[in-house]
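Small disclaimer: the values here were computed from a predicted structure and weren't measured. All heavy atoms count here, side chains included; hydrogens, waters and symmetry mates do not.
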Amino acid sequence: HPRVRRQRQMCIRDRPSGWTLDGKNYTITAANDWVKDSKNSILGVREATEQVTIKNVKIVGNQNTRHGINAWTATTEASGQNTPGKLKLEDVTIRNCGTAGMVIQNTEVTANGLTTSGNAWGAVNVDSKGAPKLSLTGANLGEDVQVWTELETVSAETITIDNKAFQQVKGVGKDTLKGFTYYTTDPAKLGEASVTTDDGTTVYDTLETALAAELAENTTITLLKDVTLESPITLDKKGLTLDAVSYTHLRAHETRSNL
């Protein structure tokens with residue numbers, strides 16, 4: 001199928017109820033000379049207070065683009081009322097965007113058959129502003145960071161995923177993991193170590209980060225993958241257990257020089 005190439009954002013705004021963009025399995029591709037300074041996403045869905053549908057389309061970005069889809073609705077909480085937008089996705093693919101595959105702000109998104117890969121920040125971000133919701137069915141999210149949200153409290157209705165392989169964790173680290181809530185099919189995609197308590201599971205980007213955290217007595221740190229250490233580690237907390245799991249190895253970092 002032919003491709004549609006764009007240099008700037010295509011915006012869907014204030015469309016009537018029942019409005020649909022049917023890509024017919026064609027591809028919308030960001031041109032190599034995409035205007036990076038404009039900070040625009042490839043496809044913007046704004047103020048969709050009446051449901052908009054996007055289906056049967058592939059969206060391909062590059063390092064200059066922002067999100068593949070930005071579902072944005074202004075919040076009106078100051079007036080005591082707030083009307084989130086409504087967006088439905090059917091068989092949409094988003095690849096290789098410079099930030100996230102999709103960002104949701106104050107919009108209720110229902111996605112069936114969403115496929116993502118190669119998006120720099122991750123697949124889907126549910127922003128904390130307004131009253132966003134995400135419902136995923138039959139999703140195939142190829143990034144290490146699959147779904148994440150800045151919401152401090154995430155109700156069971158806010159993010160629903162039909163695949164039971166997804167689990168909700170907290171993520172703590174310096175770069176990718178920023179203390180947010182993440183939904184992942186494999187915690188090892190996010191970090192090297194985890195701690196599980198009655199409050200849930202926290203994944204740490206590195207073993208060193210886990211050891212530096214304020215942990216309760218008799219805590220168990222579980223390694224999630226092979227770990228290469230830059231320097232020695234010390235287990236100096238009372239009752240601390242390091243569970244290395246039978247298949248996991250600790251390796252010292254090797255520094256080599258050519259003489």
Show the atom names and distances, to 0.1 Å, of all donor-acceptor pairs under 3.5 Å that link a side chain in residues 168-182 to residues at least two apart or in another chain.
{"from": "Gln168", "atom 1": "OE1", "to": "Tyr183", "atom 2": "OH", "distance (Å)": "3.2"}
{"from": "Lys170", "atom 1": "NZ", "to": "Thr181", "atom 2": "OG1", "distance (Å)": "3.0"}
{"from": "Lys178", "atom 1": "NZ", "to": "Asp175", "atom 2": "O", "distance (Å)": "2.8"}
{"from": "Tyr182", "atom 1": "OH", "to": "Thr176", "atom 2": "O", "distance (Å)": "3.3"}
{"from": "Tyr182", "atom 1": "OH", "to": "Lys178", "atom 2": "N", "distance (Å)": "3.1"}

Look only at the side chain of Ser41 and the backbone of Leu43, and say whether a donor-acceptor pair between them is shorter than 3.5 Å.
no
For Asn96 and Asn119, test the side chains for any donor-to-acceptor distance below 3.5 angstrom and give the result as yes or no.
no
Residues forming a side chain to side chain donor-acceptor pair (under 3.5 Å) with Thr206, sequence neighbours excluded
Thr209
Can you list the residues that meet the salt bridge (charged side-chain N to carboxylate O under 4.0 Å, His left out) rule with Asp22, with sequence neighbours excluded?
Lys24
Shortest non-hydrogen pair, Ala131 vs Glu108, comes out as O-CG, 4.3 Å
Taking atom types as modelled and ignoring hydrogens, do the side chains of Glu150 and Asn125 form a donor-acceptor contact shorter than 3.5 angstrom?
yes
Just to verify, what does Ala165 make a side chain to side chain contact (heavy atoms under 4.5 Å, CB included) with, not counting sequence neighbours?
Asn163, Thr185
Note: Val57 and Gly23 closest approach over all heavy atoms is CB-CA, 3.9 Å
Shortest non-hydrogen separation from Ile42 to Trp34 and the atoms involved
CA-CH2, 3.8 Å
Give a yes or no answer on whether the side chain of Lys238 reaches the backbone of Glu217 with a donor-acceptor pair at less than 3.5 Å.
no
Going by the rule side chain to side chain donor-acceptor pair (under 3.5 Å), which residues pair with Lys86 if we only count those two or more places apart in sequence or in a different chain?
none
Which atom names give the shortest non-hydrogen contact between Gly130 and Asn106, and what distance separates them?
CA-OD1, 3.4 Å
Partners passing side chain to side chain donor-acceptor pair (under 3.5 Å) against Ser128 (at least two apart in sequence or in another chain):
none
When you compare the side chains of Thr110 and Ser135, does any donor N or O come within less than 3.5 Å of an acceptor on the partner?
no
Shortest non-hydrogen contact from Asn32 toward Asn62:
CA-ND2, 4.1 Å
Could I get the full list of side chain to side chain donor-acceptor pair (under 3.5 Å) partners for Ser194, not counting sequence neighbours?
none
Backbone N/O of Gly138 and side chain of Asp162: donor-acceptor pair under 3.5 Å:
yes
Take Glu208 and Leu229, measure what side chain to side chain contact (heavy atoms under 4.5 Å, CB included) needs, and give me the verdict at the end.
CA-CA 8 Å; Glu208 289 91 340; Leu229 297 175; 3.5 Å; yes
Evaluate side-chain hydrogen bond (donor to acceptor under 3.5 Å, both in side chains) for Glu143 paired with Ser117, printing each intermediate quantity in order.
CA-CA 5 Å; Glu143 296 86 350; Ser117 63; 5.6 Å; no
According to side chain to side chain contact (heavy atoms under 4.5 Å, CB included), who are the partners of Ala216, at least two apart in sequence or on a separate chain?
Thr219
Backbone of Ala156 reached by a side-chain donor or acceptor of Thr158 within 3.5 Å:
no
Ile54 and Val92 have their tightest heavy-atom pair at O-CG2, 3.5 Å
Would you check, one step at a time, whether the test side chain to side chain contact (heavy atoms under 4.5 Å, CB included) holds for Glu47 with Trp72?
CA-CA 7 Å; Glu47 309 294 351; Trp72 185 91; 3.1 Å; yes
Lys88: which residues meet the salt bridge (charged side-chain N to carboxylate O under 4.0 Å, His left out) condition with it, sequence neighbours left out?
Glu90
Partners of Ala193 by side chain to side chain contact (heavy atoms under 4.5 Å, CB included), sequence neighbours excluded?
Leu207, Ala210, Ile221, Leu223
Side chain to side chain contact (heavy atoms under 4.5 Å, CB included) filter on Thr115, not counting sequence neighbours, yields Thr93, Asn140
Given Ile159, which partner from the list Leu136, Thr149, Val124 fulfils the side-chain contact (heavy atoms from CB on, under 4.5 Å) test?
Thr149
Test side chain to side chain contact (heavy atoms under 4.5 Å, CB included) on Asp127 and Ile104; report intermediate values, then the result.
CA-CA 6 Å; Asp127 192 271; Ile104 301 166; over 6 Å; no
